[in-house]
Amino acid sequence: MELFSKPEVCVLKESNTAETYLQKLEKLLPKAEGDTAKAIEKEIFVTKAGIAGENTIMYELKNSGMDLVVLHDLYLETSSDTSAQIDFLVITNKLIFVLECKNLFGNIEINNKGDFIRTIRYGNKYYKEGIYSPITQNERHLQVIKDKKVENMGKLMRVFLNSGFDDLFKSLVVLANPKTVVNDKYAKKEVKDKIVRADQLVSTMKAMNKTSKEVKSSSKDMKMIGEKWLSRCVEHNDERILKFEQMIQEDVKELTEKDIAEANEEKICPRCGHPLILREAKRGEHAGEQFWGCSNYPHCRYIEKL
């Protein structure tokens, strides 16, 4: 019996990890100052962009008109201490797609070496910068998936499963920002084929499924596969928040040490060179007020207001 009577998307894991991370950042921001505050503000901007991009992809998947099983924000660890934070694992009736979401700002050029070069405009000037290749990033995710899939299996079974891995698992980098212009004129075909816009995602998945020679799975089997991967998912303590908390603590420590040093710094009388000491006026219109007075008083009557 089929799981779905009509094309339907079964979301087994819909993450709120990014939202939780954003809330933590927003709570930290009032405690930060200077460069640390700027770093947190930038991270908040990037996180919001990432959330918006992943929401766009989820919308496309939910309205795909395909039988899909979706796992969002899947964290995997292997016995060899490798790990991967996978944006989307999407199971179709033939293929399994590993989606890396990128909500990139600026224009992207991909050269014949596979390098990603971003051009961003600030005011009237344009700046170019290299960015880490999302294709390389997703290839590492695929390797973690492959290692996790064959864990605790014998050598012969490992060889058998790995031989068909590339036919079943497909990597796609999805560009979620519709304003981003991608120049892939000089990119190799194998690079071009792995990059799609969010509005092209569903049609690309359908085309790849259609040409695939994999055996078609039932909806029930698709869900079983998804539940198997969900069982491999582990909780992950995000160390990025710890980094910002440490930065704030270091800033507070530096400020405290500076205050202590300034408080302990000996003030010298500019007239006679003796130390200045903190005194309090006993009478007159300034009675009760503190001031710096020369320790060589009454021979030196220099005073300095606080």
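Evaluation of the side chain to side chain donor-acceptor pair (under 3.5 Å) rule for Tyr297 yields Arg301 as partners, not counting sequence neighbours. Residues meeting the side chain to side chain contact (heavy atoms under 4.5 Å, CB included) test with Asn55, sequence neighbours left out: Ile51. Partners of Asn209 under the side chain to side chain donor-acceptor pair (under 3.5 Å) rule, at least two apart in sequence or in another chain, are Thr92, Asn93. Glu43 meets the side chain to side chain donor-acceptor pair (under 3.5 Å) test with Tyr21; sequence neighbours excluded. Every residue two or more places apart in sequence or in another chain that forms a side chain to side chain donor-acceptor pair (under 3.5 Å) with Thr78 is listed here: Ser80, Thr82. Among residues two or more places apart in sequence or in another chain, the side chain to side chain contact (heavy atoms under 4.5 Å, CB included) test is passed with Arg197 by Val182, Asp199, Gln200. Residues passing the side chain to side chain contact (heavy atoms under 4.5 Å, CB included) test with Ile44 are Leu22, Leu25, Glu26, Leu29, Ile40, Lys48, sequence neighbours excluded. Considering only residues two or more places apart in sequence or on other chains, Ala39 meets the side chain to side chain contact (heavy atoms under 4.5 Å, CB included) condition with Phe244, Met247.
Side-chain polar atoms of Glu129 and Tyr127 form no donor-acceptor pair below 3.5 angstrom.
Listed by first and then second residue, the ring pair (Phe, Tyr, Trp, His ring centres under 6.0 Å) pairs involving residues 44-90 are Phe45-Phe105, His72-Phe88, Tyr75-His236 (not counting sequence neighbours). Applying the salt bridge (charged side-chain N to carboxylate O under 4.0 Å, His left out) test to pairs two or more places apart or on separate chains, none has a residue in residues 269-293.
Membership of the apolar cluster around Ile303 extends to Phe291, as traced through chained side-chain contacts below 4.5 Å between ILVMFWY residues. Through direct or relayed side-chain contacts under 4.5 Å between Ile, Leu, Val, Met, Phe, Trp and Tyr, Tyr186 connects to no other residue.
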Just do the side chain to side chain contact (heavy atoms under 4.5 Å, CB included) check on Ile117 and Ile108 with the steps written out, would you? CA-CA 6 Å; Ile117 303 164; Ile108 308 297; over 6 Å; no

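Checking side-chain atoms of Ser171 against main-chain N and O of Asn138 turns up no donor-acceptor pair under 3.5 Å. Remark: side-chain polar atoms of Asn103 are paired, donor with acceptor, to backbone N or O of Ala49 under 3.5 angstrom.
At a threshold of 4.0 Å, the pair Lys148-Glu151 counts as salt-bridged, since one of the basic side-chain nitrogens sits closer than that to a carboxylate oxygen.
Counting heavy-atom neighbours within 6.0 Å of Asn63 CG, excluding the residue itself, gives a total above 12.
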